[in-house]
Amino acid sequence: MRITFCCTGTAPEPWLQGLRAALPGADVSLWSPGAPAADYGVVWAPPQTFIDQQPGLKALFNIGAGVDALLRLRLPPGLAVVRLDDAGMSVQMAEYVCQAVIRHFREFDRAEADMAAGQWAFRKPRQRADFPVGIMGLGVLGSRVAQALQAFDFTVNGWSRSAKPAVGPLAHVRTFAGEEQLPAFLSASRVLVNLLPLTTQTENILNHQTLSQLQPGGYVINVARGAHVVDADLLALLDSGHLAGATLDVFRTEPLPAGHPFWQHPKLTLTPHTSARTLRDESVAQIARKIGALAAGEPLSSLAGVVDVTQGY
Ligand code: NDP
Ligand code: OXD
């Protein structure tokens, strides 16, 4: 079995070593143009040449949860695409979103600014019930975030494409589904967490029309993809005061270009696409286990994280 590795922006050697150790019978190598055809690809944002020169692939394993960069390429019809399924990301995402929600709700940013200015000042505690959190995307990451926020007694609303039963982490989440229920979801929420995949349906979904429907003093946490947000609309709503602020981890262009108005905006908290990092050891173990299962003849449908290429996630 031959495995080829082609991950833009990723140091390959530790991954190659990890995959070789986990799949001792496999021939694992770094892809370069003209490399021999492989059975499985382990990829992140590969070039189109990679796809064009690998006609024998049985499956592509994406070393991230989002497959938007991969699905922008021309893929052979029927090629199986498998994304990371949690692999240690959901707990990181829960940490990140909870800290952003709590920092905003408890006004820790203001307390830090006061202390930096030498002022020992108290603010009136805010009511938790005034900060219902709406999570867009109730998949692997969104469900875990919902569970974590509920542990802090926040009211949680959730929105997804298909209706969700009230079980497990969503047992106490008020769920909404589909475009027709989006307005009701937005108007029930003051803090908005975006955990949608980037697809043709979700691109630009955080725009003037949708964000205006959040409760006054709304707060946006975007941890999915920058292209979900219409930057100018977000800025306009921050400046009008309808939105109190936003925490942004992802941007339309990454790194965020110098001079972009987000850099200096006083109502924004920015991080460099770091809310849930790909963890190498967990990811290698998950991918190796799945390659082993496919090689042993198990059906693709038995694996978690198989992408529906027609839906885009
Ligand atoms: P999942 O595929 O598990 O979940 C996606 C969710 O979005 C599902 O609930 C799905 O609905 C919902 N959804 C998809 N399309 C629509 C739509 N048109 N309308 C309403 N709901 C929709 O993905 P993950 O939770 O694993 O990851 C989510 C995203 O997080 C990734 O695609 C990636 O972009 C981003 N991410 C960001 C990271 C970072 O560091 N910033 C790290 C990892 C991921 P349904 O349940 O009905 O299918
Ligand atoms: C991912 C990401 O999709 O890192 O996994 O954004």
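Both ligands and their constituent atoms are indexed starting at 1 by order of listing.
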Would [X] count as being in polar contact with ligand 1, using the rule that some N or O on each side must be under 3.5 angstrom apart?
X      : result
Arg225 : yes
Ser275 : yes
Thr202 : no
Thr274 : no

A student checking ligand 1 against Val250 at a 4.0 Å heavy-atom cut-off should list atoms 41 (N)

Check whether the side chains of Asn194 and His228 place a donor and an acceptor atom closer than 3.5 Å, and report yes or no.
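The answer is yes; a qualifying pair exists.
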
**Item:** Asp233 side chain to Asn207 side chain, donor-acceptor N/O pair below 3.5 angstrom
**Value:**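 Not at all, the side chains of Asp233 and Asn207 share no donor-acceptor pair under 3.5 Å.
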
Proximity flag Leu198 to ligand 1, non-hydrogen atoms under 4.0 Å: no

- May I ask whether Gln311 places a heavy atom under 4.0 Å from ligand 1?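 It does not, in that no heavy atom of Gln311 comes within the 4.0 Å cut-off of ligand 1.
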
| said: Given the ring of Phe108, does Arg103 sit roughly above its face, with NZ or CZ under 6.0 Å from the centre of the six-membered ring and within 45° of the axis? | reply: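 Arg103 over Phe108 ring: no.
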
Out of His228, Arg161, Arg144, Arg277, the nearest non-hydrogen contact to atom 16 (C) of ligand 1 is supplied by Arg161

Within the 4.0 Å heavy-atom cut-off, what Thr199 brings close to ligand 1 is neither

